[in-house]
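The structure appears below as C-alpha cells.
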Amino acid sequence: MAKKRKPPSIKGDPRIHDPHFKGPIVNRSCTDVLCCMIFILFIIAYILLGLVAWVNGDPRRVAYPTDSQGYFCGQKGTPNENKPILFYFNLLSCTSPSVVVNLQCPTRQICVSKCPERFLTYMEIQFRYRKDRNYWTYYSQFCKSAHLKPAKTLTQVLLDDDCPTAIFPSKPYLQRCFPDFSTKNGTLTVGNKTVFEDGSGKTRNAVELRAAANGINKVLDARAIGVKVFEDYATTWYWILIGLTIAMLLSWMFVILLRFTAGFLFWLFTFGVIGIIAYGIWHCYREYSSLQGQPDSHLTVYHIGIQTDISMYFQLKQTWFAFMIILCILEVFIILMLIFLRDRIRISIALLKEGSKAIGYIPTTLIYPVLTFIFLSICISYWAVIAVYLATSGVPIYKVTAPEGQCKHENKTCNPEIFNTTEIAKACPGAQCHFAFYGGKSLYHQYITTFQIFNLFIFLWLINFVIALGQCALAGAFASYYWALKKPDDIPPYPLFTAFGRAIRYHTGSLAFGSLILAVVQMFRLILEYLDKHLKEAQNNISKFLKCCLRCCFWCLEKAVKFLNRNAYVMIAIYGKNFCRSARDAFNLLMRNILKVAVMDRVTDFVLILGKILVAGCIGVLAFLLFTERLPMITEGPTSLNYYWVPLMTVIIGSYLIAHGFFSVYAMCIETIFICFCEDLERNDGSTEKPYFITPTLHGILNKKQLVSQKQKE
C-alpha cells in the first residue's frame with residue numbers, strides 16, 4: 001500500500017484542518033462592503049451623467065449637417081425639413097480640407113433641396129433676368145432668401161453675403177454639395193468643362209476646385225467603400241449566419257466529444273490546424289506565382305502608397321509573399337511546440353477529460369457565455385450612447401470668419417443677430433459671423449473632457465466586472481462538481497444559478513475590487529497610448545525607449561493582474577473570503593505548486609487555442625471557397641461580391657469569438673479543477689477518513705503517484 005501523504009500544516013488557515021469541508025461554503029457574509037458601496041455610488045453617478053448628457057446632448061448634430069445659422073438641414077418640423085443638403089456659397093475659399101469637414105469653412109452655408117446642375121454666375125443672371133425670370137427662380141434657391149431680386153451689384157452681394165457669385169454642377173455627398181468631377185481623355189473636368197468663371201471676374205479650372213475639396217474626396221472614397229461593404233453584407237448575410245451557426249454547432253460538438261475522445265480530438269486539433277495552415281501556405285504560393293509573370297509584378301507597397309481600396313494590396317505579389325512567410329513561421333512554431341511539449345500532452349488530455357465530465361454534468365455552463373455577451377453589449381451600448389451625447393452637448397458657437405484671412409478679429413466669438421452693428425464688421429469689411437461648433441461656457445461644458453474620461457473609466461470597470469462575475473459564477477459551479485465525493489449524486493441542484501446568486505449577493509464588492517485594479521491598469525495603458533499618439537513628433541530616442549519600456553511593463557502588469565484576479569475569484573467562489581485574502585491564498589497555493597501550474601497553464605492553453613483556430617479555420621476555408629465561387633455544388637451562393645474578404649473575415653472572426661466563448665468556459669473549468677486539486681492535496685491524504693475528491697487516474701498523472709483506489713482500502 002502506498003505511503004500516506006501528510007497534508008502541510010499552515011498556521012492560521014482553518015480551511016485545511018476542517019474535516020467537514022464538502023464544497024463551496026454556504027454560510028457566507030458580505031465581503032469588501034466599502035468597495036461595494038463605492039461601486040454602487042459610481043454606477044449611480046454614471047446613470048446621472050447619462051441623464052445630464054441626454055438632456056444637453058443632441059445626436060442630430062452628428063446625423064444632420066448644420067448651416068451657418070446653426071440650423072439642421074433636413075430636420076422634420078423645421079423650415080429646412082425639405083432641404084436635407086448643405087450648400088457652400090464659395091467652395092474655393094475652403095483651402096483646407098479639414099475646414100470643410102468641420103463645417104468651419106469661411107463662406108456662408110445654407111440648406112437646399114438639391115444641388116446645382118449647371119454653370120451660372122450672378123452677373124450672368126442679372127442680364128438674363130430681364131428676358132426670362134425663370135433663370136432667377138432657379139438661381140434664387142441657392143440664395144439666403146428666395147424673395148431677393150437680382151438688383152444688387154456684385155460688390156454689394158459679396159458684402160451682404162446674400163447669394164453665391166457662381167454655381168457649378170454638383171452632386172450630394174454626405175448630405176453636402178460637392179463638385180461633379182469627371183475625367184475626359186485624362187483631363188479633370190467639372191460638368192464637362194475644364195475652366196469656368198467664378199463670378200468675380202476670375203477664370204478657374206477644375207484642378208483648383210479639386211484642390212479645395214481634395215480632403216473631402218478621401219472621405220467620399222471611404223464612403224463609397226462603405227457602400228460596397230454594405231452591399232456585400234446585404235448579399236451574404238444569410239451565408240454569414242449559416243457559417244456562424246455551423247461554428248457554434250462545431251464548438252459544441254467538440255466540447256461534448258472531448259469527454260469521450262479527448263486524446264483523439266487533441267491530435268485532430270493539432271493536425272487539423274497544421275493542415276489548414278499548410279493549405280494557406282499553398283494558396284499564398286499559388287497567388288504569388290500567378291502574379292510573378294504579370295507586367296506590374298515589380299510594384300510594391302511603396303509604389304502604391306496608402307490606399308482606401310484594400311483590394312489593391314491583394315494585387316501585389318509582395319502581399320502574398322508576406323502572408324506565406326507569416327504562415328510558415330506559424331507552422332514551424334506549432335510543430336516545435338508539439339515536439340517540446342510531447343511529454344506533457346498526457347496531462348493536458350487528462351485535464352480535458354475531467355473538464356468535459358464537469359461540463360457534461362453542468363451543461364448550463366455552455367449557455368452562460370450568452371448572458372455575458374448580453375451584459376457586455378449593454379455596457380458597450382451605454383458607453384457609446386453617452387460618448388455621443390457628451391460630444392454633441394452644448395449650444396451653437398459662432399466665430400468671425402474672413403474670406404481673405406486678414407482680419408485681426410478672426411476666430412473670435414460673435415453673435416450673428418447683432419454682428420453687422422458691431423465694431424468688428426466695420427473694422428473688417430467682408431467678415432462674417434458663422435456657426436463653428438457646439439460648446440458653451442457653463443460648468444458642465446467646461447468639464448466635458450473630464451466626463452468623457454469618467455465615462456471611459458467606468459466603462460472599463462463595468463466590462464471587467466461583468467467578466468469577473470462570469471468567472472466567479474463558473475468557478476463556483478465547477479467547484480461544486482469537484483467537491484462532490486460521489487459524482488453526480490452529490491452535486492447540488494442548480495449549481496450555476498446558486499453560484500451566480502452567491503457572487504451577486506455576497507461578493508459584489510470583492511469582484512468590483514478586482515475589476516477596479518484591472519481597470520486602473522488598463523486606463524494607464526490607454527493614457528500612455530494617447531500621449532504617444534499626440535507627442536510622437538516631439539519624441540527623441542530616449543523617450544521612445546522609455547515609452548517602449550512602459551508599454552512592456554504595463555502589458556506584463558495587466559496580464560499578471562488578470563491571472564491573479566482569475567484565481568482569486570476561484571477562491572472567493574469556494575471559501576467566500578474577501579478579495580485580498582483570496583488573492584493571497586490563491587497566490588500562495590499556486591507558488592506551492594508552481595511546477596504543476598507551469599505544466600497545466602501552458603499546455604492546456606495551447607490545446608484550447610488549437611481548438612479555436614481549428615473551428616475558425618474550418619469555417620474560414622468553407623467560406624473562402626463559397627465566396628470565391630469555388631464550390632460548384634452550391635449554385636445559389638453569393639456572386640459578384642465587391643470585396644469577398646469582407647464577409648470572409650466576418651465569418652472567421654465571428655467563428656473564433658464563438659469558439660472562444662465555448663472554450664473559455666472550458667478553460668475556467670480546468671483552472672477551477674486544478675486549484676481545487678491543489679487544495680485537495682493539502683487538505684486530504686487519500687485515507688478512508690480523508691479521501692481525495694479527484695479521480696484516481698487524474699491524481700496519479702498530476703501528482704506523479706498513482707492513488708490506491710478506495711475500494712482496496714475498504
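Just so it is clear, the model here is predicted, and its values are computed rather than measured.
Between F554 and F524, the two ring planes are parallel [angle under 30°; tilted spans 30° to 60°]. Note on ring orientation: taking the six-membered ring where Trp is involved, the planes of F457 and W461 are tilted (angle from 30° to 60°).
For the pair C163 and Y139, the tightest heavy-atom approach, listed with the atom from each and the gap, is CB-CE2, 4.4 Å. Across all non-hydrogen atoms, the minimal contact from K83 to C111 is CD-O, 3.3 Å. When all heavy atoms of V651 and A623 are compared, the closest pair comes out as CG1-CB, 4.1 Å. Listed here is the closest heavy atom pair of C379 and I463: CB-CD1, 3.9 Å. Minimum heavy-atom separation, K547 to L528: O-CD2, 4.4 Å.
Applying the side-chain hydrogen bond (donor to acceptor under 3.5 Å, both in side chains) rule to T650 yields the partners Y233; only residues at least two apart in sequence or on another chain are considered. Applying the side-chain hydrogen bond (donor to acceptor under 3.5 Å, both in side chains) rule to Q452 yields no partners; only residues at least two apart in sequence or on another chain are considered. Contacts of F465 classified as ring-ring contact (aromatic ring centres under 6.0 Å, His included), with partners at least two apart in sequence or in another chain: F39. Contacts of V385 classified as side-chain contact (heavy atoms from CB on, under 4.5 Å), with partners at least two apart in sequence or in another chain: Y389. The side-chain hydrogen bond (donor to acceptor under 3.5 Å, both in side chains) search around Y46 returns N455, not counting sequence neighbours. In this structure, the disulfide (SG to SG under 2.5 Å) partners of C414, at least two apart in sequence or on a different chain, are C433. Judged as a side-chain contact (heavy atoms from CB on, under 4.5 Å), and not counting sequence neighbours, the contacts of C115 are I85, S170, P172, C177. In terms of the ring-ring contact (aromatic ring centres under 6.0 Å, His included) criterion, Y656 has no residue partners (sequence neighbours excluded). For N80, there are no side-chain hydrogen bond (donor to acceptor under 3.5 Å, both in side chains) partners, not counting sequence neighbours. Under the rule for a side-chain contact (heavy atoms from CB on, under 4.5 Å), the partners of E558 that lie at least two apart in sequence or sit in another chain are L518, V521, Q522, R525, K562. Taking the side-chain contact (heavy atoms from CB on, under 4.5 Å) definition, one finds that F373 meets it with S377, sequence neighbours left out. K114 pairs by the salt bridge (Lys or Arg N to Asp or Glu O under 4.0 Å) definition with nothing, not counting sequence neighbours.
Atoms CZ and OG1, on F451 and T449 in that order, are 10.0 Å from each other to the nearest 0.5 Å. Interatomic distance, F119 CZ to I167 CD1, rounded to the nearest 0.5 Å: 10.0 Å. With rounding to the nearest 0.5 Å, the separation of CG in L648 from CD1 in I240 is 9.5 Å. Distance CG/L244 to CH2/W239: 14.0 Å, rounded to 0.5 Å. With rounding to the nearest 0.5 angstrom, the CD atom of Q141 is 9.0 Å from the CD1 atom of I110. Atom-to-atom distance recorded for I386:CD1 and S381:OG is 11.5 Å, nearest 0.5 angstrom.
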With side-chain contact (heavy atoms from CB on, under 4.5 Å) as the test, would you mind laying out the steps for F454 and L49 before giving the verdict? CA-CA 9 Å; F454 178 79; L49 175 62; 3.6 Å; yes
Step by step, would you call L376 with L462 a side-chain contact (heavy atoms from CB on, under 4.5 Å)? CA-CA 8 Å; L376 292 178; L462 288 175; over 6 Å; no
Please report the C-alpha distance between T121 and T165 in whole Å, then the side-chain angles of each, then the deciding distance to 0.1 Å, and finally whether the side-chain contact (heavy atoms from CB on, under 4.5 Å) criterion is met. CA-CA 6 Å; T121 64; T165 57; over 6 Å; no
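No side-chain heavy atom of N56 sits under 4.5 Å from any side-chain heavy atom of L390. Between P179 and F168, the closest side-chain pair of non-hydrogen atoms falls below 4.5 Å.
Relative to the ring axis of Y138, R118 places its NZ or CZ within 45° and under 6.0 Å from the centre.
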